[in-house]
Colleague: 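Provided herewith is a single structure, encoded as structure tokens, for subsequent inquiry.
What you see is a predicted model; the values in this text were computed from it and never measured.
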Amino acid sequence: MTDVVDADELLRRIRRGLERAAGEERAWRERAQSLTATDPDGAREAAVRARAYEAVLRVLEEIIHPGGPPVTAEGVKQVT
């Protein structure tokens, strides 16, 4: 049986997911930077994971703020 979730609870859950994804994206991006000199393969893997979390951030942000300005990663400019 599934529970019925009201709009406020759904928004809280989406925001929690957004915060979690932002933290994970930041952590993987930092890991990629720290591994660049010593472990290029590990740095690439971490960068891919950071980009995956960035995609999740964009989707959740679009749900909360439809049509808003695009989310940009640190140091990356969105080109349209």
Colleague: Identify, with sequence neighbours excluded, every residue that meets side chain to side chain donor-acceptor pair (under 3.5 Å) alongside Glu30.
Modeller: none
Colleague: Run Arg58 and Glu62 through salt bridge (Lys or Arg N to Asp or Glu O under 4.0 Å) and show every step you take.
Modeller: CA-CA 6 Å; Arg58 288 173 189 261; Glu62 179 64 25; over 6 Å; no
Colleague: Just to verify, what does Arg44 make a side-chain contact (heavy atoms from CB on, under 4.5 Å) with, not counting sequence neighbours?
Modeller: Pro40, Asp41
Colleague: Would you sort out whether Arg51 and Glu25 count as a side chain to side chain contact (heavy atoms under 4.5 Å, CB included), showing the intermediate values?
Modeller: CA-CA 7 Å; Arg51 284 192 298 277; Glu25 188 267 342; over 6 Å; no
Colleague: Can you tell me how far CD1 of Ile14 sits from CD of Glu61, rounded to the nearest 0.5 angstrom?
Modeller: 11.0 Å
Colleague: Considering residues at least two apart in sequence or located in another chain, which fulfil the salt bridge (charged side-chain N to carboxylate O under 4.0 Å, His left out) criterion with Arg20?
Modeller: Glu24
Colleague: Using links of under 4.5 Å between side-chain heavy atoms of ILVMFWY residues, direct or through other members, which residues join Tyr53 in one cluster?
Modeller: Trp28
Colleague: So, are Arg15 and Glu19 salt-bridged, with charged N and O less than 4.0 Å apart?
Modeller: no
Colleague: Which residues pass the side-chain contact (heavy atoms from CB on, under 4.5 Å) test with Val5, sequence neighbours left out?
Modeller: Glu9, Leu10, Arg13
Colleague: Taking only residues two or more places apart in sequence or in another chain, which ones pass side-chain contact (heavy atoms from CB on, under 4.5 Å) with Val56?
Modeller: Ala21, Leu60
Colleague: How close do Ala32 and Ala47 get, counting heavy atoms only, and between which atoms?
Modeller: CB-N, 3.8 Å
Colleague: I need the Leu18 CG to Ile64 CD1 distance, nearest 0.5 Å.
Modeller: 5.0 Å
